[in-house]
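The block underneath contains the structure these notes are about, expressed in C-alpha cells.
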Amino acid sequence: MSVGETRFEMRDTVLMVNDVKDGLSATTPESQPVKSAERTIHILETLAASPTRMSLGELQEACKYPRSSLHALLRTLKELRWIEADESGSRYGIGTHALLTGTSYLDKDSVVGRAAAVLEALRSDVRHTVHFARRDEDSVIYLASRGSKLEVRRMHRVGRKLPCHVTALGQALLAELTTDEVTQLLPPKLEAYTPNSIVDRDALIAELAEVRKRGWSLEQEQGTPGVVCIATVVPYRIPASDALSVSMPAEVASYPGELERIAGVLTKHADAWARELRAEGVR
C-alpha cells in the first residue's frame, strides 16, 4: 500500500467516525458533501447501474477511488448487507438491505400506493402495457407497471432508470419545463438507445414543443426497437413530477386511429387521478 493510499484511508476513517458521532464531519464545511458518505453512495449507485456484478478493479476504474479506501468501504457495506459478493468473494452486487430501502420508498409514498388501481383501470381500457414513473433530474424512474394480457414481451422493471429523452414518460415530463430549464437539465451528450433516439438537442426541444401542443408525448422505437409509447403527465403538481404511459408493439400502433384512441383514454385517466389527488390534499 502506498503512502498516498494510506493517507486516503486514514482520512476516510476519520470522516466516517465523525459522521457517526456528530452527524456531520467537524472538518468538512456544511455546504460540502461528506466525502465518505459521497463515496458510499457512489459505490451503491455504480453497482446498481451495472448489469452484472463488478470486481474490485472494475469498481476502482468506475469510481476512481484509492484501492485501499474502496476495499475498506466495500468490506463495511458487505458486513452491513448493503452489498453482497459472489461465491468467489471477488465480485460485488447490490445486497438485500438496498432492496429493503427501495421497497420502503414504494410502500410509504402516498402517490405510488394509489397507482395500482389506476394502472389496472387504464390497462383494462387500453389493453396494452402501462407504466407509472417519476422524473429524477434528467431521467425517469419506473415506480409501477402492469403488463398487457395480450402481448408477451419484456417489461421495464420497477426501479429501472432511463434517460428522459428516450422515453415517452420522460419527454412528457420534460415538456412541463421551460426550454431554458430543459437545456440546463440535459447532459452535454444525449445517448442513443436505438437508431430512432433523438440525440440532437434542438430536435428534442422541437419535439417537446409538439408535446405541449398535443398534451401527450409519442415515442416511436426511440428507447426499445419494436415498441411505441404514449405518455402524459399526472398534473397534481406544478410542474408535474409523475407521468403515465401506454406501450405497445409498433405494428399495433400503426392501426388506424389506435394512437388517438389510446391518447384520449390515457389523458382521461391521468386528469381524473390528478383531480382525486388534489382533492385529497396530495401534493
Side-chain angles (χ1 to χ4, degrees), residues 109 111-136 139-151 153-158 160 162-177 196 198 204 207-224 226-280 282:
D109 186 273
V111 179
V112 175
R114 293 169 165 85
V118 176
L119 290 176
E120 289 290 351
L122 176 59
R123 179 178 63 172
S124 177
D125 284 350
V126 298
R127 302 188 299 278
H128 299 299
T129 297
V130 295
H131 302 289
F132 172 61
R134 181 165 294 161
R135 185 173 67 82
D136 179 40
S139 301
V140 288
I141 299 176
Y142 287 75
L143 299 178
S145 296
R146 292 292 184 276
S148 169
K149 296 180 180 179
L150 303 176
E151 305 146 5
R153 63 179 182 81
R154 181 176 176 272
M155 186 173 66
H156 293 319
R157 71 178 188 277
V158 171
R160 189 178 186 194
L162 289 174
C164 282
H165 71 278
V166 299
T167 67
L169 289 158
Q171 291 176 16
L173 288 164
L174 287 180
E176 290 285 290
L177 308 177
N196 289 343
I198 301 177
L204 180 60
E207 179 62 26
L208 297 181
E210 291 300 314
V211 174
R212 296 184 188 103
K213 292 178 183 178
R214 284 195 305 258
W216 46 274
S217 60
L218 173 62
E219 175 259 298
Q220 302 186 79
E221 302 184 76
Q222 296 174 32
T224 305
V227 176
V228 171
C229 297
I230 293 176
T232 192
V233 299
V234 183
Y236 69 99
R237 290 174 177 154
I238 300 176
S241 61
D242 302 344
L244 291 169
S245 75
V246 177
S247 63
M248 71 211 82
E251 60 269 22
V252 173
S254 67
Y255 296 168
E258 183 68 355
L259 292 179
E260 290 74 15
R261 178 188 77 83
I262 291 174
V265 174
L266 176 63
T267 54
K268 178 181 177 181
H269 278 274
D271 289 343
W273 190 21
R275 287 194 298 270
E276 291 177 9
L277 291 171
R278 289 195 298 266
E280 294 173 11
V282 179

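In what follows, every heavy atom counts, from backbone to side chain, and hydrogens, waters and symmetry copies are set aside.
If you take CZ on R214 and OG1 on T232, they are separated by 10.5 Å, rounding to the nearest 0.5 Å. Residue R135 holds its CZ atom at 13.0 Å from CG of L169, rounded to the nearest 0.5 Å. The CZ atom of R212 sits 8.5 Å away from atom CD of E176, with the distance rounded to the nearest 0.5 Å. The distance from atom CG of D242 to atom CD1 of I141, rounded to the nearest 0.5 Å, is 11.0 Å. Note that CH2 of W216 and OG1 of T267 are 9.0 Å apart. Values are rounded to the nearest 0.5 Å.
Judged as a side-chain contact (heavy atoms from CB on, under 4.5 Å), and not counting sequence neighbours, the contacts of V246 are L122, V126, H128, V130, M248, I262, L266. Residues forming a side chain to side chain donor-acceptor pair (under 3.5 Å) with S241 (at least two apart in sequence, or on another chain): R237. The side chain to side chain donor-acceptor pair (under 3.5 Å) test applied to Q171 returns Q222, not counting sequence neighbours. Under the salt bridge (Lys or Arg N to Asp or Glu O under 4.0 Å) criterion, E221 pairs with no residue at all, not counting sequence neighbours. With sequence neighbours excluded, the residues forming a side chain to side chain donor-acceptor pair (under 3.5 Å) with D109 are R134, listed by chain and number. Partners of R123 according to the side chain to side chain donor-acceptor pair (under 3.5 Å) rule, which considers only residues two or more places apart in sequence or in another chain, are E120. Taking A168 as the reference, S217, E219, C229, A231 meet the side-chain contact (heavy atoms from CB on, under 4.5 Å) condition, with sequence neighbours excluded. By the salt bridge (Lys or Arg N to Asp or Glu O under 4.0 Å) test, R261 pairs with E258, sequence neighbours left out. For D136, the salt bridge (Lys or Arg N to Asp or Glu O under 4.0 Å) criterion is met by K161, not counting sequence neighbours.
Here the shortest heavy-atom pairing between V265 and D125 reads CG1-CB, 3.6 Å. Scanning all heavy atoms of the two residues, the minimum distance from L218 to I230 falls at CD1-CG1, 3.9 Å. Heavy atoms only, all atoms of each residue included: L119 and A144 are closest at CD1-CB, 3.5 Å. Taking every heavy atom of both residues into account, V211 and A172 meet most closely at CG1-CA, 4.2 Å.
For residues 271-280, the set of pairs meeting the salt bridge (charged side-chain N to carboxylate O under 4.0 Å, His left out) definition, not counting sequence neighbours, comprises R114-E280. Counting only residues at least two apart or in different chains, ring pair (Phe, Tyr, Trp, His ring centres under 6.0 Å) contacts with residues 251-275 comprise F132-W273.
No side-chain heavy atom of V252 sits under 4.5 Å from any side-chain heavy atom of V228.
A donor-acceptor pair under 3.5 Å is absent between the side-chain atoms of S145 and the main chain of V158, judged by distance alone.
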